[in-house]
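Remarks on the structure that follows.
Both backbone and side-chain heavy atoms feed into the values below; hydrogens, waters and symmetry mates do not.
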Amino acid sequence: MGIEKGIFNRTSLLLGDRAMERITDAKVIIFGVGGVGSWCAESLVRSGIRHLTIVDSDRVCITNINRQLMATVNTVGQVKVDALKERLLTINPKAEIDARQQIFSEETANSFNLQAYDFIIDAIDSLRDKRLLIEMACRTKAVFFSSMGAALKIDPTRVKVDEFWKVKGCPLARALRQRFKRLKTKPARKFLCVYSDELLENKGRNATCGSEKCMCPKAEKGPGDAALLNHEWCSSKAQINGSLHHVTAMFGLTLAGLILKNINDRRD
């Protein structure tokens, strides 16, 4: 393994050679690499995952810096998956990172060969696209884990893991279940979710991001095609909620932990 033998010395010491082989061979895809998915990706690569696909259509916004791994003042405007891939390769240069600047939706869903993965991680914000991914992932043989809403929370002790239909106190989970019921369908199998039953309210108000490199899809353009600073950031989203790094990262790290636990618990 060369350099990897040193990088993963402590991981191998804890888990053993056979588990490390399974970790190295596992194929993982993460949909959404924001405040949750980016930290999940780093934890997996630091733990020995070599085959990782990261999917996100966005670019780094200055408002991402408070919680997203690859977001810094130097990466504002960059494609998120490209910035994250660069970061991950500084951790393990031998990792095979497939960075896809795409959105998962009805139009693109069939372009992802979900059957090719051992693990599928859902860290998508969009309710419609999230429901579709849940439905499709649960029809594969891959182990599937999903993140519920990580915004409007501050208490790390309330982050939990439970089966989708047993999640309580999470508006996103409730909305997903209602949508499944309205469509008269449900996931083909059970799956675990990371969630929190805490729900705070925004005390501030949305304002301009203040970035000259603003990449918001609906940003107004001024002379010289420069983004004006008098628009609402992320204006394409229906609602903007406040969020904190330690909570979103905990969601992502928990998702990574679920994958590692699943691999370590196998007996073959």
Side-chain angles (χ1 to χ4, degrees), residues 1-62 64-102 116-124 142-143 145 147 150 156 159 194 243-264:
M1 270 193 175
I3 190 174
E4 291 178 304
K5 184 175 182 180
I7 293 172
F8 304 118
N9 177 277
R10 296 297 189 273
T11 310
S12 179
L13 182 62
L14 174 64
L15 303 181
D17 293 341
R18 185 67 188 102
M20 285 307 301
E21 290 175 6
R22 292 194 292 262
I23 289 172
T24 300
D25 292 340
K27 296 179 174 60
V28 182
I29 185 168
I30 302 175
F31 289 94
V33 292
V36 173
S38 62
W39 295 96
C40 178
E42 169 146 333
S43 181
L44 291 174
V45 171
R46 284 190 183 276
S47 300
I49 293 292
R50 290 186 69 181
H51 308 288
L52 179 64
T53 299
I54 50 177
V55 183
D56 199 301
S57 64
D58 291 345
R59 292 176 178 263
V60 177
C61 174
I62 198 169
N64 300 152
I65 294 175
N66 83 316
R67 69 198 182 282
Q68 298 185 14
L69 176 70
M70 61 286 175
T72 70
V73 292
N74 294 324
T75 60
V76 171
Q78 292 182 19
V79 174
K80 281 187 181 179
V81 291
D82 291 344
L84 180 57
K85 177 178 180 178
E86 182 177 349
R87 160 78 176 190
L88 297 177
L89 289 177
T90 66
I91 297 168
N92 182 10
K94 292 184 177 294
E96 298 177 6
I97 311 296
D98 183 3
R100 302 189 187 184
Q101 188 191 13
Q102 290 180 270
Y117 297 93
D118 301 299
F119 296 92
I120 301 171
I121 295 291
D122 158 41
I124 294 176
V143 178
F145 298 119
S147 170
V159 178
V194 180
S243 52
L244 292 171
H245 165 257
H246 70 278
V247 174
T248 64
M250 185 170 291
F251 271 57
L253 296 176
T254 303
L255 289 167
L258 290 171
I259 289 179
L260 295 170
K261 184 178 185 304
N262 180 279
I263 293 174
N264 188 59

ask   = So how far is it from L15 CG to I263 CD1, rounded to the nearest 0.5 Å?
value = 9.5 Å

remark   = Here the gap from L88 atom CG to R46 atom CZ, rounded to the nearest 0.5 Å, amounts to 9.0 Å

request  = Please name the pair of heavy atoms, one in C61 and one in V76, separated by the smallest distance, quoted to 0.1 Å.
outcome  = C-CG2, 4.4 Å

Sequence-distant partners of A256, side-chain contact (heavy atoms from CB on, under 4.5 Å), two or more places apart = C40, S43, L44

query = Of L69, D58, I121, D56, which is the lone residue that meets side chain to side chain contact (heavy atoms under 4.5 Å, CB included) with V33?
reply = D56

note = Output for pair (R87 CZ, M70 CE), nearest 0.5 Å, gives 11.0 Å

ask   = Given the rule in the side chain to side chain contact (heavy atoms under 4.5 Å, CB included) test, do D82 and Q101 qualify, once you have shown the distances and angles that lead to the verdict?
value = CA-CA 8 Å; D82 291 344; Q101 188 191 13; 5.7 Å; no

ask   = Regarding R67 and T248, is there a side-chain donor-to-acceptor distance under 3.5 Å anywhere?
value = no

key: Side-chain heavy-atom pair I259, F145 within 4.5 angstrom cut-off   = yes

query = How many angstroms lie between CG in N64 and OG in S243, if you round to the nearest 0.5 Å?
reply = 9.0 Å

inquiry  = Any heavy-atom pair between the side chains of L255 and F251 that's under 4.5 Å?
reply    = no

query = Less than 4.5 Å apart, any side-chain heavy atom of V81 and any of R100?
reply = no

note = Closest heavy-atom pair, M20 versus S47, reported as atoms and distance to 0.1 Å, is CE-O, 4.1 Å

query = Do I49 and F119 have side chains that get closer than 4.5 Å, going by heavy atoms?
reply = no

task = Assess whether atom CG of N9 is packed by more than 12 heavy atoms of other residues, nucleotides or ligands within 6.0 Å.
result = yes

inquiry  = Does atom CD (E21) have a neighbourhood of more than 12 heavy atoms from anything else shown, all under 6.0 Å?
reply    = yes

task = Take V194 and L258 through the side chain to side chain contact (heavy atoms under 4.5 Å, CB included) test and state the conclusion after the steps.
result = CA-CA 10 Å; V194 180; L258 290 171; 4.0 Å; yes

task = Considering non-hydrogen atoms only, spot the tightest contact between V36 and A123 and give its length.
result = CG1-CB, 4.2 Å

message = What verdict does the side chain to side chain contact (heavy atoms under 4.5 Å, CB included) test give for T24 and F8, after you've listed the backbone C-alpha separation in whole Å, the side-chain angles of each residue and the deciding distance to 0.1 Å?
response = CA-CA 11 Å; T24 300; F8 304 118; over 6 Å; no

query = Closest heavy-atom contact between V45 and I91?
reply = CG1-CG2, 4.0 Å

message = For the CG atom of D118 and the CG atom of D25, what is their distance to the nearest 0.5 Å?
response = 8.5 Å

Check: Q68 and K80 side chains under 4.5 Å, non-hydrogen atoms = yes

task = Measure the CG-CZ distance between N92 and R50 for me, rounded to the nearest 0.5 Å.
result = 6.5 Å

query = Can any side-chain N or O of R59 pair as donor or acceptor with the backbone N or O of G77 at less than 3.5 Å?
reply = yes

